[in-house]
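Report on one structure; see the data block that follows.
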Amino acid sequence: VHEQNTTLCVALVVFDTAACSCAARLFLVTPDHRSNSPGCGVQIRAGGYHSLARCSDGIVRCWGKSGSGQTVPPQSLPLSRHVAGGGGFSASVAVDGSVSCWGDNQSGQCTPPAPASGFRYVEAGAQHVVGLTMHGEIVCWGGNQYGQSVAPSGLTALQVAAGSLHSVALRPDGSVVCWGAGYVDNRTWPHFGQSIPVDPRGDPTVLVSTGAFHTMALVRRECAIERAAVPSGLTGEPCDSCFGDIDGSGEVDNGDVAF
């Protein structure tokens, strides 16, 4: 378990040299870190230039850039069941459903609306937070220059996700709703179509995820794959649909691929 957690951590923070160095120090060298305990690091999340780990005992560990204090959890932080990393801030949902945030608060992203309780989990964008309550309600706060913190009225969800400047929700009927930047696709920052879901052709979405300026949805449908490759008893494989910013690496292909 220790080796698996270590490998996972390094892989997740390899995008930032400084954070990777800190991660190696945290998981491999620091004597008071509980990385030798089975299950430590059960959740690892990355922010703009920092990372967070939630251990099986509910303790939150942070490392990386800390110009706004995003890697210094409050001493009174309750035991956590979920963590999230934003642009320059961090968030934690306690086992009792309350939310705590620390770090950069220039857009109010570290000031949850009262009562800051009853949350299943939260996701963090550049300067905003999208929270999902135990009843499937969506609560947003923080930066709102593109409407990313104003969820559609009456919207309930099974899952939420936050990009840099946009927000996404997966509805119980398998449809995807987005709001914030990217409601148009003019390839001018920050509008890259990341809030315009690809038509799933009537098939339900089962999972959504976001990058900074793109969105990905895992769709349940029968894909065009060789029938011989489908295990007995199965009718198809999951597909994914992507929409948003396309860089030189082709991170979004606006199509469907089997995997």
Side-chain angles (χ1 to χ4, degrees), residues 1 5 8-9 12 26-27 32-35 37-48 50-64 66 68-144 148-151 153-162 167-172 207-210:
V1 174
N5 286 339
L8 177 61
C9 175
L12 284 174
L26 176 69
F27 278 84
D32 61 350
H33 182 65
R34 304 180 185 180
S35 58
S37 302
C40 191
V42 294
Q43 183 192 14
I44 302 176
R45 303 299 294 270
H50 71 292
S51 301
L52 304 88
R54 174 179 60 85
C55 295
S56 58
D57 57 5
I59 299 296
V60 176
R61 307 286 185 177
C62 307
W63 63 97
S66 192
S68 300
Q70 61 266 44
T71 63
V72 185
Q75 290 187 350
S76 59
L77 184 69
L79 295 180
S80 175
R81 72 173 180 214
H82 180 89
V83 293
F89 69 101
S90 302
S92 171
V93 177
V95 293
D96 64 0
S98 61
V99 177
S100 300
C101 303
W102 61 95
D104 178 26
N105 193 37
Q106 62 178 324
S107 296
Q109 61 267 44
C110 287
T111 308
S117 60
F119 285 90
R120 184 181 304 170
Y121 68 90
V122 298
E123 297 292 355
Q127 293 183 328
H128 78 290
V129 179
V130 182
L132 185 66
T133 72
M134 293 294 187
H135 300 292
E137 299 171 338
I138 299 172
V139 181
C140 305
W141 65 92
N144 193 45
Q148 65 268 36
S149 291
V150 181
S153 178
L155 179 64
T156 58
L158 296 177
Q159 185 203 350
V160 293
S167 304
V168 182
L170 173 61
R171 300 176 64 185
L207 186 69
V208 291
S209 183
T210 55

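When each of Leu79, Val93, Ile59, Val83 is checked for a side-chain contact (heavy atoms from CB on, under 4.5 Å) with Arg54, only Val83 meets the rule.
Between the side chains of Asp96 and Ser117, not a single donor N or O lies within less than 3.5 Å of an accepting N or O.
A pairwise comparison of heavy atoms in Thr71 and Gly64 identifies CG2-O, 3.9 Å as the closest pair. Smallest separation of non-hydrogen atoms from Gly136 and Arg120: N-NH2, 4.4 Å.
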*Should Leu207 and Leu170 be marked as a side chain to side chain contact (heavy atoms under 4.5 Å, CB included) after you check the CA-CA gap, both sets of side-chain angles, and the distance that decides it?*
CA-CA 7 Å; Leu207 186 69; Leu170 173 61; 5.6 Å; no

*asked:* I'd like to know whether Cys62 forms a side chain to side chain contact (heavy atoms under 4.5 Å, CB included) with Val60, so could you lay out the CA-CA distance, the side-chain angles of the two residues, the decisive distance to 0.1 Å, and finally the verdict.
replied: CA-CA 7 Å; Cys62 307; Val60 176; 4.0 Å; yes

_Stepwise side chain to side chain contact (heavy atoms under 4.5 Å, CB included) check, Ile138 with Thr156_ = CA-CA 6 Å; Ile138 299 172; Thr156 58; over 6 Å; no

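Residue pairs meeting the ring pair (Phe, Tyr, Trp, His ring centres under 6.0 Å) criterion with at least one member in residues 103-133, sequence neighbours excluded: His82-Tyr121, Phe119-Trp141.
If you take SG on Cys101 and CD on Gln70, they are separated by 13.0 Å, rounding to the nearest 0.5 Å. Between Ser92 atom OG and Gln43 atom CD the span is 9.0 Å, to the nearest 0.5 Å. The OG atom of Ser90 sits 10.5 Å away from the CG atom of Asp104 when rounded to the nearest 0.5 Å. Rounding to the nearest 0.5 angstrom, the gap separating the CH2 atom in Trp102 from the CG atom in Leu77 is 5.0 Å. Within the model, atoms NE2 of His50 and OG of Ser68 stand 9.5 Å from one another, a figure rounded to the nearest 0.5 Å.
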